[in-house]
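Presented below is the structure to which this report refers.
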Protein chains: 2
Amino acid sequence: MAKKQTTIYDIATALGISAATVSRCFRSPELVNAATRQRVLETAEQMGYRPNGLARGLIGGTSSALGIMVPDIHNPSFADIIGGIEEAAYQNDFALLFGNAQENVAKEQRLFEVFLSYQVAGIILLSPRTPDLELQHWIGAGVPLVLVNRRLTLARCDVVTVDHVGLARMAVEHLAAVGRRSILYLAGPHGAQANQLRAEAARQAAAEHQVGLHVIDTEGLPVTVTSERLMQQLDFLPQFDAVLAYNDLMALGAMHALTAQGIAIPEQVSVCGFDNVSWGEFSTPPLTSMAQPLKRLGEEAFSALQRRMETPSEQPLEMVLPGWLVVRGSTRPDSTPRRPTAGERRSESLRP
Amino acid sequence: MAKKQTTIYDIATALGISAATVSRCFRSPELVNAATRQRVLETAEQMGYRPNGLARGLIGGTSSALGIMVPDIHNPSFADIIGGIEEAAYQNDFALLFGNAQENVAKEQRLFEVFLSYQVAGIILLSPRTPDLELQHWIGAGVPLVLVNRRLTLARCDVVTVDHVGLARMAVEHLAAVGRRSILYLAGPHGAQANQLRAEAARQAAAEHQVGLHVIDTEGLPVTVTSERLMQQLDFLPQFDAVLAYNDLMALGAMHALTAQGIAIPEQVSVCGFDNVSWGEFSTPPLTSMAQPLKRLGEEAFSALQRRMETPSEQPLEMVLPGWLVVRGSTRPDSTPRRPTAGERRSESLRP
DNA sequence: CTGAAAGCGCTTACAG
DNA sequence: CTGAAAGCGCTTACAG
């Protein structure tokens, strides 16, 4: 910073009063004489005073910044979740320290340390890949901490998740309902708990509905390679008639691969994804997807963190938000091209 | 934070030395006796010492955090740009303060203030919507500042952009080369400089190639409405044979709308977007798009900022990165479904 | 309602 | 190579 900052002392000197009074005008205005306050505020404005967040944070031992960490910034769901958190945080005067772990557990650890070294008031972890055991230690560090889309077996910690189990069941039930008998599940990252939950729930639901379920591991593979592996299954498992993909991009890749093989969607194979991304409605056929209240997930995470920061001793809460099914042409027998309905476009309004 | 932090004094006391020495072990290790240093480092490790970033920043007047601002977190290009910045910043031990302006100029202003109040070492603004005049003031504030995808007419400021003019020309030339005579340009946000540059460059290129160009304003409209407006043009301008969209999502929306009207792509109408998003290759037909070196844009922005932070007096630099054309089925006459080539998949490697 | 003073955790000339 | 001391900008009991 080239120019020297205006401090509370500059204002105090200019007005011939004490720095303490100036400080009070900002922190506890009710303690100071209205006229004085008025003059201070005006002078501050004139002199371009801007409170030093570092000095403030140094005192309380806590800044008014929050730490936010994502496992991989490229996952399109995170934009909405982060958007929800950011908006809520901004409105409550919190700044956001941001880190992208790049699916790297060691980096998650380092980012956490960075957050702590900045004395953040709280931390929100979006589906961290760090194993439970270590996560326990983090919770022990004493920072208000909220987990999004990741549950812990042992430790007590505020958690906000989407009902992945319910979503996966719903997906399988939908596929069964449209007459599908054998589903391929294209798995997501091993480290993603949502992946495990969905796979397991899908397996159970499939068993209950007497539908076959085969899981294809795609750990670390780009979507195009995933599609190729899917194609290999065509020889191996020629009888499958539905694909359920961990996310919409993978679903789209699968549709593309299937189409290239001359397989009709949804007549021969139905395809369903997760996340209900905005461009899903524009594919051919439009993609059926399991939608999640992403923005709200972010907002609730912030609320949970706020509660925790205010009353650290309160019981940890676990909040599970319901998702919902958005049926489009990739699973709907009658898949005539049509305008998307308002409900599909603005999925927020569909939330139960 | 529930537990009290270990400070430099705790270590000093434990070892019977001064805090200054402990501090030096971290900041200027070469100044301190090797044996002492060793003991300090060990003790620090044991006691779980973590330097307080706020205290450090308070001293120099500058923290080692950077401020990053985006106009709208939902734009998929930003994930790559931010990813590039984050990675570079992380490797150079900078934390990131993040803000999403939500296309709101007032919020941009407030976020900037927040960054300053945290004494950030520098700020990167991704295509800010704030008018030139005010941006000048910001530059006057003296913080190292880098603009991404936004140029300033008057002020001198480090800038990293993609060659939007060249990209738009390239797009028009490509459309002309495949025999198109009349292009509809679906415009992006008014506040986005890239939009203005592209529209103007497209206009010029169109004139040079004797191709018609008609701009459809879509300010503030969701993609679906944009598509509807596009459809209205079908009656109004039945002769257009190409659509150039501000981004891939809009291009996709256009393709969807055209297809729904029974118009063949690319035979009757060619469609081209900007950004080359990952899912563009999966549409039907796969989407031709103007690609940008997004991650590199972020990396160069960080480098520019770093240079500015180290030598504040140096001449401002303007860096223009070239983009490139990725031809796919939506503009290629022979649009038989096919596997995407390696070059299309990993567009990074295609960069000139 | 206001001021003097101590302190948050760290760094850095200044002496030794 | 090491320590005592001052200071970064602000807040907050403690007196008045």
Side-chain angles (χ1 to χ4, degrees), chain A residues 1 3-41 43-44 47-65 93 113-114 116-121, chain B residues 1 3-41 43-44 47-65 93 113-114 116-121:
Chain A
M1 313 267 298
K3 302 187 180 169
K4 195 107 94 313
Q5 292 248 130
T6 306
T7 74
I8 228 169
Y9 277 90
D10 300 324
I11 301 176
T13 308
L15 257 38
I17 60 177
S18 80
T21 301
V22 177
S23 172
R24 288 194 191 97
C25 289
F26 297 104
R27 304 305 275 185
S28 352
E30 69 285 0
L31 293 184
V32 62
N33 177 292
T36 315
R37 194 196 319 155
Q38 173 76 2
R39 286 163 61 218
V40 168
L41 262 24
T43 313
M47 303 181 70
Y49 170 70
R50 188 178 302 114
N52 184 319
L54 302 184
R56 281 188 170 174
L58 186 54
I59 290 174
T62 281
S63 76
S64 61
D93 288 315
E113 299 281 342
V114 170
L116 290 187
S117 79
Y118 276 92
Q119 317 296 118
V120 293
Chain B
M1 313 267 299
K3 301 187 179 167
K4 196 104 92 315
Q5 291 249 130
T6 307
T7 75
I8 228 169
Y9 277 91
D10 299 325
I11 301 176
T13 308
L15 257 37
I17 61 178
S18 80
T21 300
V22 177
S23 171
R24 288 196 190 94
C25 289
F26 297 104
R27 305 304 274 184
S28 353
E30 69 284 1
L31 293 183
V32 61
N33 177 291
T36 316
R37 195 196 317 154
Q38 173 75 5
R39 287 164 58 218
V40 168
L41 262 24
T43 314
M47 302 181 69
Y49 171 71
R50 187 180 302 115
N52 184 320
L54 301 184
R56 281 188 170 174
L58 186 53
I59 291 174
T62 281
S63 76
S64 62
D93 287 318
E113 298 281 341
V114 170
L116 290 188
S117 79
Y118 275 93
Q119 318 295 116
V120 293

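Within every chain, numbering begins at 1; the chains are lettered A, B, ... in the order of the sequence lines, protein sequences first and strands thereafter.
The interatomic distance linking Arg27(B) (CZ) with dC1(D) (P) rounds to 20 Å, in whole Å. Between Phe26(A) atom CZ and dT12(D) atom P there is a gap of 14 Å when expressed in whole angstrom units. Distance Gln38(A) CD to dC1(C) P: 15 Å, rounded to the nearest Å. With rounding to whole Å, Ile17(A) atom CD1 is found 11 Å from dA4(C) atom P. In this structure, Leu31(B) atom CG and dT12(C) atom C1' are separated by 11 Å, rounded to whole Å. If you measure from atom CG of Leu58(A) to atom P of dT12(D), you get 13 Å, rounded to the nearest angstrom. In this structure, CD1 of Ile11(B) is placed 8 Å from P of dC10(C), rounded to the nearest angstrom. As a whole-Å value, the separation of Arg24(A) CZ from dA4(C) P is 11 Å.
Map Arg37(A) and Tyr9(A) each onto its nearest nucleotide of DNA chain C; the residue landing nearer the 5' end is Arg37(A). The residue among Ile59(B) and Asn33(B) whose nearest nucleotide of DNA chain D lies closer to the 5′ end is Asn33(B). Where Thr36(B) and Ile8(A) meet DNA chain D, the nucleotide closest to each residue was compared, and Thr36(B) sits on the side nearer the 5' end.
Within 4.0 Å (heavy atoms only), Tyr49(B) reaches sugar-phosphate atoms of the nucleic acid but no base atom. As judged by a 4.0 angstrom heavy-atom cut-off over every strand, Leu54(B) is placed among residues making no nucleic acid contact. Among the heavy atoms of the strands, none lies under 4.0 Å from Ser28(B). Using a 4.0 Å heavy-atom cutoff across all strands shown, Ser23(A) reaches at least one base atom of the nucleic acid.
With Pro51(B) as reference, Arg56(B) is the one residue of Gln5(B), Arg27(B), Arg56(B) to meet the side chain to side chain contact (heavy atoms under 4.5 Å, CB included) rule. Exactly one of Val32(B), Asn33(B), Ile8(B) qualifies for a side chain to side chain contact (heavy atoms under 4.5 Å, CB included) with Thr21(B). That residue is Val32(B).
Contact between the side-chain N/O atoms of Thr21(B) and the OP1/OP2 oxygens of dG3(D) is found at a separation under 4.0 Å. Within the 4.0 Å cut-off from OP1 or OP2 of dG3(C), at least one side-chain nitrogen or oxygen of Ser18(A) is found.
Using atom C1' as the reference point in both dT12(C) and dG16(C), the two lie 16 Å apart (nearest Å).
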Item to check | Step-by-step side-chain contact (heavy atoms from CB on, under 4.5 Å) determination, Ile17(A) to Val40(A) | outcome: CA-CA 9 Å; Ile17(A) 60 177; Val40(A) 168; 3.7 Å; yes
Next on the checklist: Working note: Asp93(A) + Ser64(A), criterion side-chain contact (heavy atoms from CB on, under 4.5 Å); need CA distance, chi angles, decisive distance, verdict.
Outcome noted: CA-CA 7 Å; Asp93(A) 288 315; Ser64(A) 61; over 6 Å; no
Next on the checklist: Go through it in stages, so that I can follow the logic: the residues are Thr13(B) and Asp10(B), the test is side-chain contact (heavy atoms from CB on, under 4.5 Å), and I'd like the CA-CA distance, side-chain angles, deciding distance and then a yes or no.
Outcome noted: CA-CA 5 Å; Thr13(B) 308; Asp10(B) 299 325; 5.6 Å; no
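Remark: dA4(C) base-pairs with no nucleotide; criterion is Watson-Crick or G-U wobble with both hydrogen-bond distances under 3.5 Å. The partner of dA13(D) cannot be assigned: no Watson-Crick or G-U wobble pair with both contacts below 3.5 Å exists in any strand.
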